[in-house]
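All values below come from the heavy atoms of this structure, side chains included, with hydrogens, waters and symmetry mates left out. Convention: sequence-line order gives letters A, B, ...; per-chain numbering from 1.
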There are 2 protein chains.
Amino acid sequence: MLTISKENYLKAIYKHREGENLPVPASYIADELQVSNAAISKMAKTLSNKGLLEYQKHKGVRLTDEGEKFALKVIRRHRLWELFLINVLGLTWAEVHDEAEKLEHSTSEFLINKMDKFLGFPKFDPHGSPIPDRNGKLPELPSVLKMSECEAGKTYRVARVQDGDSQLMKYLTRIGINLNTEITILEKFSFDHSINVEMKGHHYLLSEKVVDRIWVADE
Amino acid sequence: MLTISKENYLKAIYKHREGENLPVPASYIADELQVSNAAISKMAKTLSNKGLLEYQKHKGVRLTDEGEKFALKVIRRHRLWELFLINVLGLTWAEVHDEAEKLEHSTSEFLINKMDKFLGFPKFDPHGSPIPDRNGKLPELPSVLKMSECEAGKTYRVARVQDGDSQLMKYLTRIGINLNTEITILEKFSFDHSINVEMKGHHYLLSEKVVDRIWVADE
DNA sequence: ATACAAATTTAACCATGGTTAAAATAAAAA
DNA sequence: TTTTTATTTTAACCATGGTTAAATTTGTAT
Ligand SMILES: [Mn+2]
Ligand SMILES: [Mn+2]
Ligand SMILES: [Mn+2]
Ligand SMILES: [Mn+2]
């Protein structure tokens with residue numbers, strides 16, 4: 001069994017690339033986990049000695065197959081917990097991430113499989129992120145694009161949002177953005193990358209920070 | 001927030017006395033937490049400096065009011081999790097303790113209160129142990145006696161069992177002992193403290209180890 | 001009262017996962 | 001190509017929560 005710290009490192013590394021296995025720079029991990037760069041260098045060695053990372057000095061780290069397996073386990077637990085807390089206990093979009101961040105390290109394989117079954121073997125979590133199955137296999141991903149790359153004039157459907165920032169989640173809830181919400185792009189402003197949209201009869205000017213954290217699909 | 005270790009220490013100390021606030025010997029805690037006596041001495045100082053324990057060398061430790069408050073919070077989380085896992089996910093009597101032992105340290109006040117409400121503010125956990133409410137108040141305890149102190153010839157109802165040993169829990173399940181099971185004491189053997197009982201038409205010889213971990217009430 | 005045994009505490013040590021400050025390396029600019 | 005800046009690594013240090021072995025205290029028998 002890995003420690004909580006090690007699980008968080010592997011998850012952070014996986015999240016950065018999510019798909020392609022490109023080297024992840026130390027500073028990204030440091031930022032994500034809120035620790036110093038020095039801590040990353042040290043842990044990179046440790047995890048690399050355990051065979052979970054490929055690590056060459058000054059070249060960032062990459063997950064080995066073994067490392068990826070562990071990362072996917074943690075992500076599976078995280079995402080199943082988020083869905084479970086919403087479906088069963090009625091928590092909100094904005095509330096589940098922080099709870100899942102802790103529960104993901106205290107959940108046995110046995111328990112998470114029970115939860116998975118209870119939920120009907122879901123393929124996506126409440127933020128639209130894919131849930132690895134018990135073998136670590138991800139579902140086929142729908143084709144999505146970042147809202148910042150949308151075409152003006154077209155209408156899209158929200159397919160995924162970046163969770164983790166509960167402020168952002170509250171804001172989205174507040175203005176009524178949820179998974180599958182239909183949004184029409186009215187105008188894109190290149191000087192600050194904000195986007196003017198129409199949604200349920202209302203107009204909103206969404207800042208760069210927001211449109212960079214929402215993925216949409218053709219309706 | 002306390003660390004996982006500190007939460008476990010406080011819980012272990014509370015569990016030893018469960019009611020009267022008598023000093024708890026170091027060796028009991030060491031045994032319960034599977035650490036050395038030396039670790040207990042050190043932690044006793046630490047927790048006493050934090051105002052959670054009264055500690056005088058060679059005289060054991062006692063929880064302060066503050067310490068007891070924290071212990072009860074951990075116990076609340078533990079017992080609510082056990083009930084939740086049985087009621088919602090269908091885990092068994094024998095399975096829940098170990099899961100709860102980990103989840104109890106990763107559950108926010110917010111989440112545990114949601115669970116409490118979801119379960120209908122239960123007063124007892126699946127093993128018959130009382131659940132502290134959100135203010136740390138315990139329900140009134142039913143009058144029970146240890147099975148080892150029962151009278152031959154009388155019939156009792158199982159009111160509480162000591163969880164924590166999953167082997168024991170499996171054994172009890174195996175022979176059909178559950179909360180509220182009716183048991184008639186046939187004969188007590190003083191030479192090894194075993195007891196011969198009748199239950200659902202079957203006879204069983206229960207060892208001292210077993211009868212010492214079951215509490216019953218008059219039917 | 002003395003000796004012995006048991007329980008407890010101290011001392012010295014260790015692994016883990018952090019920190020800050022300095023050194024080294026890589027990348028970007030001049 | 002040289003200089004400057006940004007990133008990463010190393011070094012020295014620290015807190016936490018463990019360990020074992022030795023010393024101390026307490027309780028029990030003689
Ligand atoms: Mn999340
Ligand atoms: Mn986490
Ligand atoms: Mn339990
Ligand atoms: Mn525990």
Would you be so kind as to tabulate the donor-acceptor pairs closer than 3.5 Å made by side chains of residues 140-152 of chain B, with sequence neighbours excluded?
{"unit_1": "Ser148(B)", "atom_1": "OG", "unit_2": "Asp212(B)", "atom_2": "OD1", "d": "3.3"}

Under the rule for ring pair (Phe, Tyr, Trp, His ring centres under 6.0 Å), what residues qualify as partners of Phe118(A), not counting sequence neighbours?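 Per chain and number, Phe118(A) pairs via ring pair (Phe, Tyr, Trp, His ring centres under 6.0 Å) with Phe84(A).
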
The ring pair (Phe, Tyr, Trp, His ring centres under 6.0 Å) partners of Tyr28(A) (sequence neighbours excluded) come to His16(A)

Could you tabulate the donor-acceptor pairs under 3.5 Å formed by side-chain atoms of residues 86-105 of chain A, not counting sequence neighbours?
{"unit_1": "Thr92(A)", "atom_1": "OG1", "unit_2": "Ala94(A)", "atom_2": "N", "d": "3.4"}
{"unit_1": "Thr92(A)", "atom_1": "OG1", "unit_2": "Glu95(A)", "atom_2": "N", "d": "3.3"}
{"unit_1": "Thr92(A)", "atom_1": "OG1", "unit_2": "Glu95(A)", "atom_2": "OE1", "d": "3.3"}
{"unit_1": "Trp93(A)", "atom_1": "NE1", "unit_2": "Pro126(A)", "atom_2": "O", "d": "2.8"}
{"unit_1": "Glu95(A)", "atom_1": "OE1", "unit_2": "Thr92(A)", "atom_2": "N", "d": "2.9"}
{"unit_1": "His97(A)", "atom_1": "ND1", "unit_2": "His78(A)", "atom_2": "NE2", "d": "3.2"}
{"unit_1": "His97(A)", "atom_1": "ND1", "unit_2": "Glu82(A)", "atom_2": "OE2", "d": "3.3"}
{"unit_1": "His97(A)", "atom_1": "ND1", "unit_2": "Asp163(A)", "atom_2": "OD2", "d": "2.8"}
{"unit_1": "His97(A)", "atom_1": "NE2", "unit_2": "Glu101(A)", "atom_2": "OE1", "d": "3.2"}
{"unit_1": "Glu99(A)", "atom_1": "OE1", "unit_2": "Ser108(B)", "atom_2": "OG", "d": "3.1"}
{"unit_1": "Glu99(A)", "atom_1": "OE2", "unit_2": "Ser108(B)", "atom_2": "OG", "d": "2.6"}
{"unit_1": "Glu101(A)", "atom_1": "OE1", "unit_2": "Lys11(A)", "atom_2": "NZ", "d": "3.2"}
{"unit_1": "Glu101(A)", "atom_1": "OE2", "unit_2": "Lys11(A)", "atom_2": "NZ", "d": "2.7"}
{"unit_1": "Glu104(A)", "atom_1": "OE1", "unit_2": "Lys11(A)", "atom_2": "NZ", "d": "3.3"}
{"unit_1": "Glu104(A)", "atom_1": "OE1", "unit_2": "His78(A)", "atom_2": "ND1", "d": "2.9"}
{"unit_1": "Glu104(A)", "atom_1": "OE2", "unit_2": "Lys11(A)", "atom_2": "NZ", "d": "3.2"}
{"unit_1": "His105(A)", "atom_1": "ND1", "unit_2": "Glu7(A)", "atom_2": "OE1", "d": "2.7"}
{"unit_1": "His105(A)", "atom_1": "NE2", "unit_2": "Asn8(A)", "atom_2": "OD1", "d": "2.9"}
{"unit_1": "His105(A)", "atom_1": "NE2", "unit_2": "Glu101(A)", "atom_2": "O", "d": "3.2"}

Exercise. Can you list every side chain to side chain donor-acceptor pair (under 3.5 Å) pair that touches residues 42-59 of chain B, not counting sequence neighbours?
Worked result: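 Listed by first then second residue: nothing to list.
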
For nucleotides 8-24 of chain C, 5' to 3', base contacts (B), sugar-phosphate-only contacts (S) and non-contacts (-) with protein non-hydrogen atoms under 4.0 Å give BBB------BBBB----

